[in-house]
Amino acid sequence: MSILGTRVVRTEDPVFLTRGATYTDDLTDERLTGALHLTLVRSPLAHGKIASIDTEAAKAAPGVVAVYTGADLDLQPALLFPAANKAMLRPFLATDTVRYVGEAVAAVLTEEHWQGEDAADLVEVDYDPLEAVIDLKKALSDEVLLFPEAGTNSVTSMHLGKDDPGEEFFADCEVVVTREITNQRLAAAPLESRAASAYWGDDGRCTIFCSTQNAQSARDEVAGWMGMDAKNLRLILPDVGGGFGAKIGADPEFALVAALSKMVGRPVRWNESRSENMTGMVQGRAQLQTITIGGDRDGKVKAYRLDVIQDAGAYPRLGVALPMFTRMMASGTYDIPKVWSTAQVVATTTTSTAAYRGAGRPEATQAIERAMDLFADEIGMDPAEVRKINVIKPEQFPFTTKGGAEYDSGEYAKAIDLALEASDYAGLRAEQKARRERGDALQLGIGVSSYVEITGGGAFVENATVEVHADGTVTVLTGTSPHGQGHATAWAMLASDELGIPIEKITVKHGDTDLIPKGAGTMGSRSLQTGGVAVHNAATELVDLAKQRAADLLEADVDDLEIDKETASVVVRGVPGSKSVSLAELAAAEELKVFHEWDGKKPTFPFGAHVALVEVDVESGKATVERIWAVDDAGPILNPLIFDGQRHGGIAQGIAQALLEEVVFDPDGQPLTATFADYGIPSAAELPSFDLVTMETPTPINPMGYKGIGEAGTIGSCPAVQNAVIDAVSHLGVSHIDMPLTPVRVWTAIDAAQKEASK
């Protein structure tokens, strides 16, 4: 019996649940002995000129070894995203202008960590305040420029075709609905905040320990910023406490830590506080969207337009690319004859944006799913029925969308039907009708979403090395980089299935650029369909190699040999009791090791449908999610325990965006959500149990049929919950409420609708 598809308990968990993880700040590596501690002096202003920096008092403070400003560094300001406006460079320590609250302006190195904060308070920085730019439309007006030398706040723009189609685009539609909606800014808030430690060896090479989602690309980024050969830089990842996209690649602080270590001639350690993380780590979403949808009263959608303004924050990073995915996935699961989309990316005096679980795809789904509900409401048709009328049919795959995405496989209507059946959708609607007729204070809302997402991104290539040792153990080297996904278990399962060696004898290693020079890390739900397939293929090739070497020993033809998975030995097929040779014996005689690089060449497209049931107290505006029914199809399931765990986490984050989470700045650019006391992350107490429905549609893109599951739950659950809350109060005249749907927003929407109705 194959181990694949079974509920294998994660081999990683005993250590995490007993001893605890070893994060970057926990390291006791002897190479870091005598390390100094870095504390950064950060700007209290969102926008201002630096008139002067006085470090003398700080230098005289207890435990202080050195204090540096930007003028002391050899590091040159860097363009953090290649496609951004070339004038929008990020200094490693600000020298003349600060552009967001929390920007680093000086570096303090102390013998003990606790000495740093006291010394940092003694650094005197004289600022000349400038006007903050928070509103996206105001930023686009260029009235206040973040980078005067750029002459604009526009980072980049994107659109389909050359000419805007204008109103003619919807000329043949009986009904047209348009609305501006907000996909609010979110904080990734991983368990482990950002951290890095660095030291330089006598050979002139630098070693950096850091928390990132991909060691190899982070190495290359840091080397580029420092102007050094990447071969002279080694990145090692200890345990990484979550990332959610915000730890893709390197942070500029990694290069700063390495540069300071070289300057002072000692190892340097840096670990930010939670409030620093909430103001300095890249944030997600942050789109202002205008959706326009048109069609006929029979439910057929004929045209859809999506216009996006993306907030890049002060220094353009990966957030510049988010609208590319939003536009690519604009039409969702639907076969819409005409689709048009535009995007403008603009700099503001706020924290930079980048990927956050889903990275551009949740934004697309949220827009089209709100559009479908608005359209259904306008024509008086059930929103689930409108979706089923318009989804792409199974026989249309592979299907190329107007955004240029080539969907690989899917059964979108089936997923909707499964979700409706599981939730007893008709029964829910009947209960909703009864509550409305009674005028209950607690009203029911039912929200539906149909989604498809792109996984793998542009990182289709991944490698793996599988080696059997003389003692019968196995080492797997992978270019993926887990931070909670369970790769140690999953990759061991894939190798075990081919080799017949138990998973407890298989060790998976990752995140060391000397040990694994090539790799693309873990993001975009890419790992299983790239790294997992590479492990499977490497193990398969190792079996072939073992059979070739065993052929002479067993005096048999290679084609007549197979692996006996009970004994992890090569045997003659169909000849019980015949002579055999174990993989361990073959490894003792000669290295038994295979490297494989897999290129999937294309992304895959998981899909699904969610139904959310919420209860809304119309007297207070408080919304509570009572149930979620989720159909998430990511192809064959390798390990249902890990698969469902990813869904649980994703659904929780989708609910959190819909109801609770939002990064907020005041008009002066001061962050109002810089601690967990102000930023509404839900606990298990605020979440319902999840009803998970299984559906498996393989992709033809890889031999295992795998797609990605890491972000699907977030993409499906969030619009379902938003639609459900709005649905609960729609009979009161409410047609839309922006996220997060906090009690005050819901109550305000109800109050406004009632006042409008009473006129």
Side-chain angles (χ1 to χ4, degrees), residues 175 177 293 295 297-301 332-334 365-366 368-391 412-451 608-619 621-631 651 654-655 658-659 688-693 695 716-737 741 746 749-750 753:
V175 174
V177 184
I293 188 168
R297 294 195 175 277
D298 63 1
K300 183 63 180 175
V301 175
T333 58
Y334 308 108
T365 304
Q366 204 76 29
I368 187 64
E369 290 304 292
R370 281 302 301 133
M372 295 301 285
D373 261 33
L374 288 165
F375 179 69
D377 183 59
E378 185 67 23
I379 65 174
M381 184 177 286
D382 185 272
E385 186 61 28
V386 168
R387 285 167 170 80
K388 289 176 64 176
I389 288 171
N390 289 283
V391 291
Y412 302 157
K414 179 181 177 181
I416 295 172
D417 283 336
L418 284 174
L420 297 180
E421 179 183 352
S423 64
D424 183 19
Y425 185 73
L428 295 180
R429 287 296 181 196
E431 172 62 17
Q432 180 188 59
K433 181 180 178 183
R435 291 199 189 192
R436 288 180 175 180
E437 290 173 348
R438 293 194 303 265
D440 289 1
L442 292 178
Q443 288 292 322
L444 279 187
I446 304 126
V448 181
S449 75
S450 172
Y451 77 91
H610 288 199
V611 173
L613 177 68
V614 305
E615 214 169 43
V616 176
D617 184 339
V618 298
E619 295 177 351
K622 181 175 175 56
T624 305
V625 180
E626 299 297 319
R627 297 280 291 275
I628 285 274
W629 293 269
V631 179
I651 293 168
I655 293 173
L659 297 185
S689 294
F690 306 140
D691 296 87
L692 306 182
V693 181
M695 184 171 165
S717 64
C718 191
V721 172
Q722 185 183 20
N723 286 342
V725 174
I726 296 168
D727 177 64
V729 295
S730 61
H731 66 294
L732 301 175
V734 177
S735 60
H736 179 76
I737 310 170
L741 293 99
V746 175
I750 295 171

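The basis for the numbers below is simple: all heavy atoms, side chains too, and nothing from hydrogens, waters or symmetry mates.
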Smallest separation among heavy atoms of Asn390 and Val301, with atom names: OD1-N, 2.8 Å

Pair Asp298 + Lys300, salt bridge at N-O below 4.0 Å: no

Exercise: identify the closest heavy-atom pair between Ala753 and Leu732: CB-O, 3.4 Å

Criterion side chain to side chain contact (heavy atoms under 4.5 Å, CB included) on Ile726 and Asp373, from CA distance to verdict: CA-CA 10 Å; Ile726 296 168; Asp373 261 33; over 6 Å; no

Exercise: do Gln366 and Gln722 side chains pair donor with acceptor under 3.5 Å: yes

Sequence neighbours excluded, every pair satisfying ring pair (Phe, Tyr, Trp, His ring centres under 6.0 Å) that has a member inside residues 412-434: Phe397-Tyr412, Tyr412-Phe607

Heavy-atom pair of closest approach, residues Val616 and Ala623: CG2-CB, 3.9 Å

Residues Arg387 and Glu369 bridged, charged N to O under 4.0 Å: yes

Distance-only donor-acceptor check, side chains Gln432 and Asp727, under 3.5 Å: yes

Any donor-acceptor pair under 3.5 Å from Asp617 side chain to Lys622 backbone: no

Presence of salt bridge, Lys388 and Asp382, under 4.0 angstrom: no

Trace of the side chain to side chain contact (heavy atoms under 4.5 Å, CB included) decision for Leu613 with Ser423: CA-CA 9 Å; Leu613 177 68; Ser423 64; over 6 Å; no

Side-chain ion pair, Arg435 and Glu615, N-O less than 4.0 Å: yes

